[in-house]
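I have placed the structure first, in the form of structure tokens, so that the comments after it can refer back to it.
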Amino acid sequence: MNVSVNDDAPPPAQDRPSLLNTMRRGELLAATCPSRDILKHLTSRWGVLILLVLETRVHRFSQLRRAIGGVSERMLAQTLQWLESDGLVDRIAFDVIPPHVEYRLTPLGCEAAAKVRGLADWIEESLPRIMQAQEDRSATRAAAQPDSSVR
């Protein structure tokens, strides 16, 4: 059986993206695509760490702050607001004194957390190789620089 493929031929109609599907999916590489804001929220340093911590269980604000070393109260609050507005995190406020607020992942947030966990796991597993590559590149750059102490 001989099959020829014409690369110039348009894809079959059922494989062509419709305008509606294109609008729904977004064009991540386009400067004005709303997907970029979600990508920024989700993959920011704090966004990833919040998703990973909330994937384990529901947390209060102070528990999240303790679990994520180095995050300021302001950045934690801002990132939680972003993730909540994107539908990834639920904020549950209880009508008690003192105020009691908990954060948990939505079903969409659980999906996102699983994706970023895969990346985080890969980073942790690959850390020795990544650090070695960083050292190798630093050594190569240092060897390529002329010695400024010799005149």
Side-chain angles (χ1 to χ4, degrees), residues 3-96 99-142 144-145:
V3 178
S4 84
V5 176
N6 182 354
D7 289 336
D8 296 331
Q14 71 271 12
D15 293 341
R16 281 185 235 141
S18 69
L19 179 58
L20 181 59
N21 284 337
T22 300
M23 288 171 46
R24 282 184 181 151
R25 181 171 169 106
E27 292 291 332
L28 192 58
L29 298 180
T32 58
C33 183
S35 299
R36 285 197 177 184
D37 283 336
I38 297 163
L39 182 67
K40 179 179 77 174
H41 302 160
L42 188 66
T43 61
S44 70
R45 172 184 3 179
W46 307 122
V48 168
L49 297 176
I50 288 168
L51 291 173
L52 293 175
V53 171
L54 288 179
E55 188 180 33
T56 62
R57 64 179 175 82
V58 173
H59 282 73
R60 293 180 69 171
F61 186 89
S62 59
Q63 292 171 322
L64 276 170
R65 185 142 185 245
R66 280 192 301 273
I68 303 170
V71 66
S72 70
E73 190 170 314
R74 179 181 167 271
M75 283 308 303
L76 180 57
Q78 182 178 50
T79 307
L80 283 166
Q81 287 173 353
W82 286 340
L83 295 174
E84 183 183 6
S85 71
D86 293 338
L88 303 173
V89 170
D90 274 335
R91 179 182 186 274
I92 304 109
F94 296 90
D95 191 18
V96 295
H100 180 94
V101 178
E102 295 180 343
Y103 296 90
R104 70 172 177 216
L105 293 180
T106 64
L108 199 57
C110 290
E111 289 178 42
K115 301 292 185 188
V116 297
R117 183 178 11 87
L119 177 59
D121 288 346
W122 177 84
I123 291 169
E124 288 294 320
E125 292 166 5
S126 303
L127 190 58
R129 293 184 298 140
I130 294 168
M131 292 179 73
Q132 184 62 53
Q134 289 172 342
E135 288 176 22
D136 293 348
R137 290 207 188 328
S138 291
T140 300
R141 277 190 226 109
Q145 295 294 323

Rounded to the nearest 0.5 Å, the CG atom of L83 sits from the OG atom of S44 at a distance of 7.0 Å
The criterion is salt bridge (charged side-chain N to carboxylate O under 4.0 Å, His left out); which residues satisfy it with R104, sequence neighbours excluded? D90
Side-chain polar contacts of residues 64-72 - donor-acceptor pairs under 3.5 angstrom, sequence neighbours left out - could you list them?
from: R65; atom 1: NE; to: V71; atom 2: O; distance (Å): 3.2
from: S72; atom 1: OG; to: M75; atom 2: N; distance (Å): 3.0

Could you walk me through whether I92 and V101 pass side chain to side chain contact (heavy atoms under 4.5 Å, CB included), step by step? CA-CA 6 Å; I92 304 109; V101 178; over 6 Å; no
How long is the straight-line distance from CD of E84 back to NE2 of H41, given to the nearest 0.5 Å? 12.5 Å
Considering residues at least two apart in sequence or located in another chain, which fulfil the side-chain contact (heavy atoms from CB on, under 4.5 Å) criterion with I123? L119
Test side chain to side chain donor-acceptor pair (under 3.5 Å) applied to D95 - qualifying residues, sequence neighbours left out: none
Would you mind reporting whether Q63 and Y103 have side-chain heavy atoms less than 4.5 Å apart? no
Which pairs count as salt bridge (charged side-chain N to carboxylate O under 4.0 Å, His left out) when at least one residue sits in residues 120-133, sequence neighbours excluded? none
E73 CD to S62 OG distance, which is reported to the nearest 0.5 Å: 9.5 Å
Please check this pair: side chain of T79 against backbone of L76, looking for a donor-acceptor N/O pair closer than 3.5 Å. no
Check: residues 47-60 side-chain donor-acceptor pairs under 3.5 Å, at least two apart:
from: E55; atom 1: OE1; to: R117; atom 2: NE; distance (Å): 2.9
from: E55; atom 1: OE2; to: R117; atom 2: NE; distance (Å): 3.0
from: E55; atom 1: OE2; to: R117; atom 2: NH2; distance (Å): 2.7
from: T56; atom 1: OG1; to: V53; atom 2: O; distance (Å): 2.5
from: H59; atom 1: ND1; to: R57; atom 2: O; distance (Å): 2.9
from: R60; atom 1: NE; to: H100; atom 2: ND1; distance (Å): 3.4
from: R60; atom 1: NH1; to: H100; atom 2: ND1; distance (Å): 3.1
from: R60; atom 1: NH2; to: H100; atom 2: ND1; distance (Å): 3.4

